[in-house]
Visitor: 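Below: one structure in structure tokens.
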Amino acid sequence: MKLLIADDEPAVRALVHVTLEGDDYEILEAADGIEALEVARGEGPRLVLLDIMMPRLDGLEVCRQLKSDPDTSDIVVVMLTAQAQERDRDQGLAAGADDYFTKPFSPLALLNMVERVRQTQSRAD
């Protein structure tokens, strides 16, 4: 399964990458919101792990654009962010996110969530 990690912090991208590598995932990365949109539109990942606070375009707007475009609306978007207030979660879900993980996150919980997405996607194919 192809997935995109969109986060402006290289250490977070590296941690997610290490957590997921080796499990038949093709992992793409983006360092800001514009790059995230470009990679998502060009590569068609099944899942985007998306930070909210990013330069050039925040994750909420990236999510809105992905979900409003018929070519990308079926991509599963999971917010992976330090924005942990209930209203932040509500904003992420209102923007179209399918799920919401807060940093710091449990690598095992992240791996389990990604595996659930993969199983759901493989049944849909």
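The first residue of the sequence shown is numbered 1, and numbering continues consecutively from there.
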Visitor: Atom CZ in F105, atom CG in L49: separation rounded to 0.5 Å?
Guide: 8.5 Å
Visitor: Could you pull out every donor-acceptor pair under 3.5 Å between side chains of residues 3-15 and any protein atom, sequence neighbours left out?
Guide:
residue: D7; atom: OD1; partner: E9; partner atom: N; Å: 2.8
residue: D7; atom: OD2; partner: K103; partner atom: NZ; Å: 2.6
residue: R13; atom: NE; partner: E29; partner atom: OE1; Å: 3.0
residue: R13; atom: NH1; partner: D7; partner atom: O; Å: 2.6

Visitor: Are L37 and I52 joined in one hydrophobic group, where the rule is that I, L, V, M, F, W and Y side chains link up if heavy atoms are under 4.5 Å apart?
Guide: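 Result: yes, single cluster for both.
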Visitor: Mind checking the CD-CG spacing from E35 to L28? Nearest 0.5 Å is all I need.
Guide: 10.0 Å
Visitor: Taking all non-hydrogen atoms of both residues, which atom of G96 and which atom of K67 are closest, and how far apart?
Guide: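 In this case the closest contact between G96 and K67 is O-CE, 3.2 Å.
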Visitor: Group every Ile, Leu, Val, Met, Phe, Trp and Tyr by side-chain heavy-atom contacts under 4.5 Å, then state whether V16 and V117 land in the same group.
Guide: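 V16 and V117: one cluster.
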Visitor: Please say yes or no: joined through hydrophobic side-chain contacts below 4.5 Å, possibly via intermediate residues, are L80 and V76 part of one cluster?
Guide: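 Yes: a chain of side-chain contacts under 4.5 Å links L80 to V76.
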Visitor: Grab the two heavy atoms, one from F101 and one from V78, that are nearest each other, plus how far apart they are.
Guide: CD1-CG1, 4.1 Å
Visitor: I need the T72 OG1 to E43 CD distance, nearest 0.5 Å.
Guide: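 Result: 14.0 Å between the selected atoms.
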Visitor: Might you point out which heavy atoms bring L20 and Y25 nearest each other, and give the distance in Å?
Guide: O-CD1, 3.1 Å
Visitor: Can you find a pair of side-chain heavy atoms, one from Q91 and one from D88, that are under 4.5 Å apart?
Guide: yes
Visitor: Among I27, D24, L47, find the one that has a side chain to side chain contact (heavy atoms under 4.5 Å, CB included) with M1.
Guide: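 With M1 as partner, I27, D24, L47 yield a single side chain to side chain contact (heavy atoms under 4.5 Å, CB included), made by L47.
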Visitor: Mind checking what makes salt bridge (charged side-chain N to carboxylate O under 4.0 Å, His left out) contact with D74, not counting sequence neighbours?
Guide: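 Result, salt bridge (charged side-chain N to carboxylate O under 4.0 Å, His left out) vs D74: none returned.
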Visitor: Would a hydrophobic clustering, with Ile, Leu, Val, Met, Phe, Trp and Tyr connected at side-chain separations under 4.5 Å, put M113 with Y100?
Guide: no
Visitor: Drop me the distance from L50's CG to D99's CG, to the nearest 0.5 angstrom.
Guide: 12.5 Å
Visitor: Counting only pairs under 3.5 Å, give me each side-chain donor-acceptor contact of residues 54-66, with atom names and distances, residues two or more places apart or in other chains.
Guide:
residue: R56; atom: NH1; partner: D32; partner atom: OD2; Å: 3.3
residue: D58; atom: OD1; partner: L60; partner atom: N; Å: 2.9
residue: D58; atom: OD1; partner: E61; partner atom: N; Å: 2.9
residue: E61; atom: OE1; partner: R64; partner atom: NH1; Å: 3.2
residue: E61; atom: OE2; partner: Q65; partner atom: NE2; Å: 3.2
residue: Q65; atom: OE1; partner: R41; partner atom: NH2; Å: 3.3

